[in-house]
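The structure displayed is predicted, hence computed values, not measured ones. As a basis for the values below, the full set of heavy atoms in this structure was taken, side chains included, without hydrogen atoms, waters or symmetry mates. For this chain, numbers begin at 1 and follow the sequence in order.
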Amino acid sequence: MQGKKLRITFLFFSFFALLFFSSCVTNRNFFNQVDSHVGRGDYQTAVSMIEKNEDNLYTKKDLVLKSLDKGLLLHYGGDYKTSNKELAYAEEKMFEYFSKSISQSVQSFIINDAVIDYAGDPYEDIYSNLFMALNYIALNEMDKALVEIRRFDTKQKNLRLNYAQAQNKANQNSLSDAYFGEMSFHNSALARYLSMLLYRAEGNVDAAEIDLRYIKTAFRDQSQLYPFSLPSSLDDELLKLPGLERLNILCFTGLAPIKTEEVIRFYTSDTYYKLALPLMFKRPSRVVFIGVEIENEDTGEKHQFRLDPLESIDSIAYDTFRQKQDLLYFKAIARSIAKSMTTNVLDAASRVDQNSDASGILGLLSIVSLVSNELTEVADLRTSRYFPAKASVGGIHLAPGRYTVQIQYKDAWGGTIWLETIQGFDLKKNTINLVEGICLQ
């Protein structure tokens, strides 16, 4: 009987494992193809591949991910209106699914967290507003851009408040601080930088100065998230020089973190437990520094300078995920115990009268339960793939006119990884003159 149970267990496991892993490999292969186009800056082809293969890349519960991925790639490709439609849809669904997640919690407790509608990680929710703001700036709709900055600020404050409430609840239930680390993020230098540029453009110097102070506060009070010096160009941002206008460069590099699974298996007495825990890890970038060369197309005059890092989006993604991660760990432990106890009860019941038909059925059910536990206890590794890792900035005062802007992305040895050239940039008066560069390598 025991040998038969082992053979049946092996067959069950082999069959379902084959289905599961073949699906994972197919999904990964499709994303690798999309990623190769993204790395070459061919964002239009990347979006087309997502649209043609979305059934292989996303499930019906991944609508937020699909819209985030497409919205970001459309932004990088310059299709700002369509990008905003996708990002706004993702934001709408994140709000809807966050409310809905309460009713789906029972299902996730029984199976795993991947069966519920993905409501986004905290940083995905708030940074979607910054990219919508950048879209509106590119479309010259500055009032709408300011609205998105304010929504970012509101979400950030709510994130901090929700974290404090969750921490108080954990303390009331005597949960150890070791499982509930401190969240550092409470002020975004990038959001304040964009806000400063918007207020400066409309002539609201007082508001722009407040944002500049907030940028400096972000660096001072969140040193673990901003482990670099203040950008050298900041002190000149609000200067008014006769006959000159300010040109700002904002570059995004690298790719934000993705998730991996840590599996822990152990036995106690005759009970088998499996824990599948999500971990977030940073993806390395080849870009070490960024050089800029600006040439006046009429006079041939050239200017060169380096950009300075302003925000480490990947560090903020990791920091904000920790709060969610702690709660996921507690749920995974409780779910593993419940699943293992079910298998144990069925197995114990099958041994009462091993010669009866009921004993055989119960024994088979215990095998199915064991295999199900192994295959369904998986971590939810869903996350958007195309948020950038770093934001770097620089600026210079120039006479109004037409300029060629060349952005050089360099590796640690000074080799050029990627070169962007923007020709015919019209430096205008009394507006935001912002050049955005992208290198997701």
Side-chain angles (χ1 to χ4, degrees), residues 27-28 30-35 37-38 42-101 104 113-139 141 144-145 147-149 151-152 154-156 158-159 191 252 255-259 278 280 313-314 316-317 320-321 324 380-389 436 438 440:
N27 179 283
R28 186 166 58 249
F30 274 114
F31 268 123
N32 286 341
Q33 293 176 46
V34 176
D35 292 350
H37 290 288
V38 171
D42 187 1
Y43 306 114
Q44 185 175 356
T45 301
V47 172
S48 296
M49 286 197 67
I50 286 177
E51 291 175 342
K52 290 177 182 177
N53 300 287
E54 60 183 36
D55 290 341
N56 294 306
L57 297 172
Y58 309 95
T59 71
K60 292 180 179 179
K61 298 184 180 296
D62 300 337
L63 297 180
V64 166
L65 286 180
K66 182 171 68 174
S67 287
L68 284 175
D69 288 348
K70 288 176 62 178
L72 290 165
L73 294 177
L74 287 163
H75 170 81
Y76 303 144
D79 190 349
Y80 303 116
K81 287 186 177 180
T82 311
S83 171
N84 264 353
K85 288 180 181 178
E86 291 289 348
L87 293 175
Y89 180 78
E91 183 186 35
E92 174 189 335
K93 286 298 179 184
M94 280 189 274
F95 179 79
E96 176 188 336
Y97 292 160
F98 180 78
S99 303
K100 188 178 177 182
S101 64
Q104 292 185 330
D113 289 307
V115 301
I116 66 176
D117 294 306
Y118 183 72
D121 282 327
Y123 94 96
E124 294 170 336
D125 186 21
I126 59 179
Y127 275 95
S128 62
N129 293 104
L130 282 196
F131 280 91
M132 282 192 273
L134 285 168
N135 284 332
Y136 282 125
I137 290 173
L139 294 168
E141 299 182 53
K144 292 182 179 179
V147 169
E148 295 301 330
I149 296 294
R151 293 175 73 182
F152 176 98
T154 299
K155 286 182 180 180
Q156 189 179 48
N158 288 338
L159 176 64
F252 293 109
L255 286 166
I258 54 177
K259 297 172 187 172
M280 181 175 275
I313 299 172
D314 54 356
I316 290 167
T320 55
F321 177 69
K324 182 177 179 180
D380 184 3
L381 305 182
R382 292 175 294 179
T383 190
S384 55
R385 297 181 64 85
Y386 302 115
F387 276 100
E436 184 182 337
I438 311 290
L440 303 180

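The shortest non-hydrogen separation linking Ile137 to Ala145 is CG1-CB, 3.8 Å. In this structure, Met94 and Ala119 approach most closely via the heavy-atom pair CG-O, 3.2 Å. Among all heavy-atom pairs drawn from Phe387 and Ser384, the shortest one is CD1-OG, 3.1 Å. Contact record, Tyr123 with Pro257: OH-O, 4.3 Å, taken as the closest heavy-atom pair. Across all their heavy atoms, Tyr118 and Asp62 have their closest contact at CB-OD1, 4.5 Å. Nearest heavy-atom pair, Val34 versus Tyr386, reported as atom, atom and distance to 0.1 Å: CG1-OH, 3.2 Å.
Note that the CG atom of Leu139 and the NZ atom of Lys144 stand 9.0 Å from one another [nearest 0.5 Å]. Taken to the nearest 0.5 Å, the CE atom of Met132 stands 6.5 Å off from the CG atom of Asn84. Within the model, atoms NZ of Lys60 and CG of Asp55 stand 9.0 Å from one another, a figure rounded to the nearest 0.5 Å. For the atom pair NZ (Lys52) and CG (Leu57), the distance works out to 13.0 Å, reported to the nearest 0.5 Å. Distance check: Thr82 OG1 to Leu73 CG gives 13.0 Å after rounding to the nearest 0.5 Å.
Side-chain atoms of His75 and Asn135, non-hydrogen and from C-beta on, do get closer than 4.5 Å to each other. The shortest distance between side-chain heavy atoms of Asn129 and Val147 does not fall below 4.5 Å. At a threshold of 4.5 Å between non-hydrogen side-chain atoms, the residues Pro278 and Asp380 do not count as touching.
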Tell me, with the steps shown, if Lys61 and Ile116 meet side chain to side chain contact (heavy atoms under 4.5 Å, CB included). CA-CA 7 Å; Lys61 298 184 180 296; Ile116 66 176; 5.9 Å; no
Step by step, work out the ring-ring contact (aromatic ring centres under 6.0 Å, His included) result for Tyr127 and Phe152. CA-CA 7 Å; Tyr127 275 95; Phe152 176 98; 5.6 Å; yes
For Ile50 and Tyr58, run side chain to side chain contact (heavy atoms under 4.5 Å, CB included): C-alpha distance rounded to whole Å, both residues' side-chain angles, the deciding distance at 0.1 Å, then the answer. CA-CA 9 Å; Ile50 286 177; Tyr58 309 95; 3.8 Å; yes
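Under a 3.5 Å cut-off, the side chain of Ser128 and the backbone N or O of Leu87 do not form any donor-acceptor pair. Side-chain N or O atoms of Glu124 include one that pairs as donor or acceptor with a backbone N or O of Asp121 at under 3.5 Å.
Between Asp117 and Arg382 there is no salt bridge, since no side-chain N of the basic residue sits under 4.0 Å from a carboxylate O of the acidic one.
In Lys93, the NZ atom is crowded: over 12 heavy atoms of neighbouring residues, nucleotides or ligands sit closer than 6.0 Å. By the 6.0 Å contact criterion, CD on Glu54 is enclosed, its count of non-hydrogen atoms from other residues, nucleotides or ligands being greater than 12.
When the side-chain hydrogen bond (donor to acceptor under 3.5 Å, both in side chains) test is applied to Asp42, the partners found at least two apart in sequence or on another chain are Thr45. For Ile438, the side-chain contact (heavy atoms from CB on, under 4.5 Å) partners two or more places apart in sequence, or in a different chain, are Tyr43, Tyr76, Phe252, Glu436, Leu440.
Applying the salt bridge (charged side-chain N to carboxylate O under 4.0 Å, His left out) test to every pair with at least one member in residues 75-91, sequence neighbours left out, gives these pairs: Lys70-Glu86, Glu91-Arg151, Glu91-Lys155.
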